[in-house]
Amino acid sequence: MAGLGDRPSLFHLMNRMAAAPLEVRTLSDRLTEVVRDMILSGAIAPEVPIRQDSLAAELNVSKIPLREALVRLEQDGLVVSHANRGFFVRGMSAAEAEEIYELRLQLEPDAAAQACLVADDAQRATAQRVLAELDAAAAAHLPSVGPLNRAFHMALVQPGQRVLTAEITARLHVMADRYVRKHLEHKGRHLTAEVEHREILQAWLDRDADAVRRLANAHLAHTLRDLREEFELDAAEAVERKAS
């Protein structure tokens, strides 16, 4: 695990969250987001015991709120706990990718299609702004691509006022974040995603629910196909390494 000097953004992130106006946030809330960001960025490696003493000292907190944060991240599906062994970041797998994207395919296209019919001007402006920020971050290969991708997709869903659907979709997006990053590692894929996002957004702004549903479905299915190919390639390379 790298030292704080390698991640100067951690304290900045915690301070920014602490300064949120008119919002009561506990230390556990802030730690949950910080540790989540560390997991999604790969700063905490998967399937390796999370050394709570070391991590608590690194973040200058006690183990109690850190453990609370890890329990919440376990509920989010990013962390698993094993008796007498502690907490581990869940490893990525082809099976999990399949399940996450199959659930997104069942929920997201319909939710975005319904939301486009009722979104107000402010919500429409937010979707446009977030996509512009996402495109800029992707072009510059910034680590904010994951959060901005989530923000864009959620901006298309949240106006629909389906609270439970939005909550489930948001959780799926957190779990999908590492897979989105894996998908975008290949050169040029961010350009394909940018085109697909713009097509979806234009249909959403035009309040064309049928087109939104069709384009969102195609976008998610395309990502899942790419991930399948990557996991198959990873498996083939693992077999070759064992054989050599």
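Leu227 is not connected to Leu172 by any chain of hydrophobic side-chain contacts under 4.5 Å among Ile, Leu, Val, Met, Phe, Trp and Tyr, and they are in different clusters. Both Phe231 and Leu105 are assigned to one and the same hydrophobic cluster, defined by single-linkage of ILVMFWY side chains at heavy-atom distances under 4.5 Å. If you chain together hydrophobic residues whose side chains sit under 4.5 Å apart, Ile168 and Leu73 never meet in one group. Residues Leu205 and Leu131 are members of one and the same hydrophobic cluster, defined by side-chain heavy-atom contacts under 4.5 angstrom among Ile, Leu, Val, Met, Phe, Trp and Tyr.
Here the CZ atom belonging to Arg225 is positioned 11.0 Å from the CG atom belonging to Leu220, to the nearest 0.5 angstrom. Considering CD of Glu96 and CE of Met175, their distance stands at 4.5 Å, rounded to 0.5 Å. A distance of 9.0 Å separates CG of Leu27 from OG1 of Thr32, quoted to the nearest 0.5 Å.
Environment of CD in Glu99: sparse, with no more than 12 heavy atoms of neighbouring residues, nucleotides or ligands closer than 6.0 Å. Atom CG of Asp121 is surrounded by 12 or fewer heavy atoms from other residues, nucleotides or ligands within 6.0 Å.
Across Ala127 and Trp204, no two heavy atoms sit closer than the pair CB-CZ3, 3.9 Å. For the residue pair Ile200 and His219, the shortest heavy atom distance occurs at CD1-CB, 3.8 Å. The shortest non-hydrogen separation linking Ala97 to Leu224 is O-CD1, 4.0 Å. The two residues Ser81 and Glu74 come nearest to each other via the heavy atoms OG-OE2, 2.8 Å.
Formation of a donor-acceptor pair under 3.5 Å by the Arg207 side chain with backbone atoms of Ala119 is found in this model. In terms of modelled atom types and a separation under 3.5 Å, the side chain of Tyr179 and the main chain of Ser93 share a donor-acceptor contact. Judged purely by atom type and a 3.5 angstrom limit, Gln202 has no side-chain atom pairing as donor or acceptor with the backbone of Glu199. One N or O on the side chain of Asp120 and one on the backbone of Ala122 form a donor-acceptor pair closer than 3.5 Å.
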Give every donor-acceptor pair under 3.5 Å between a side-chain atom in residues 63-72 and any protein atom, sequence neighbours left out.
{"from": "Lys63", "atom 1": "NZ", "to": "Asp53", "atom 2": "OD1", "distance (Å)": "3.3"}
{"from": "Arg72", "atom 1": "NH1", "to": "Ser28", "atom 2": "OG", "distance (Å)": "3.4"}
{"from": "Arg72", "atom 1": "NH1", "to": "Asp29", "atom 2": "OD1", "distance (Å)": "2.7"}
{"from": "Arg72", "atom 1": "NH2", "to": "Asp29", "atom 2": "OD1", "distance (Å)": "2.9"}

What side-chain donor-acceptor pairs closer than 3.5 Å can you find for residues 142-167, not counting sequence neighbours?
{"from": "Arg150", "atom 1": "NH1", "to": "Asp177", "atom 2": "OD2", "distance (Å)": "2.4"}
{"from": "His153", "atom 1": "ND1", "to": "Glu108", "atom 2": "OE2", "distance (Å)": "3.1"}
{"from": "His153", "atom 1": "NE2", "to": "His197", "atom 2": "NE2", "distance (Å)": "3.3"}

Please tabulate, for the side chains in residues 209-218, all donor-acceptor contacts under 3.5 angstrom to protein atoms that are two or more places apart in sequence or on a different chain.
{"from": "Asp210", "atom 1": "OD1", "to": "Arg213", "atom 2": "NH1", "distance (Å)": "3.2"}
{"from": "Arg213", "atom 1": "NE", "to": "Asp110", "atom 2": "OD1", "distance (Å)": "2.7"}

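Residue pairs meeting the salt bridge (charged side-chain N to carboxylate O under 4.0 Å, His left out) criterion with at least one member in residues 124-145, sequence neighbours excluded, are Arg129-Glu133, Asp135-Arg198. Applying the ring-ring contact (aromatic ring centres under 6.0 Å, His included) test to every pair with at least one member in residues 85-111, sequence neighbours left out, gives these pairs: His82-Phe88.
Apart from Val239 itself, the hydrophobic cluster it occupies contains nothing, where clustering links Ile, Leu, Val, Met, Phe, Trp and Tyr at side-chain heavy-atom distances under 4.5 Å.
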- Task: List the steps and the verdict of side-chain contact (heavy atoms from CB on, under 4.5 Å) for Met38 and Leu55.
- Result: CA-CA 11 Å; Met38 294 171 71; Leu55 184 57; 3.7 Å; yes
- Given the rule in the side-chain contact (heavy atoms from CB on, under 4.5 Å) test, do Arg181 and Met92 qualify, once you have shown the distances and angles that lead to the verdict? CA-CA 12 Å; Arg181 294 173 193 240; Met92 297 169 63; over 6 Å; no
- Test side-chain contact (heavy atoms from CB on, under 4.5 Å) applied to Val89 and Ile50, step by step: CA-CA 8 Å; Val89 174; Ile50 297 175; 4.1 Å; yes
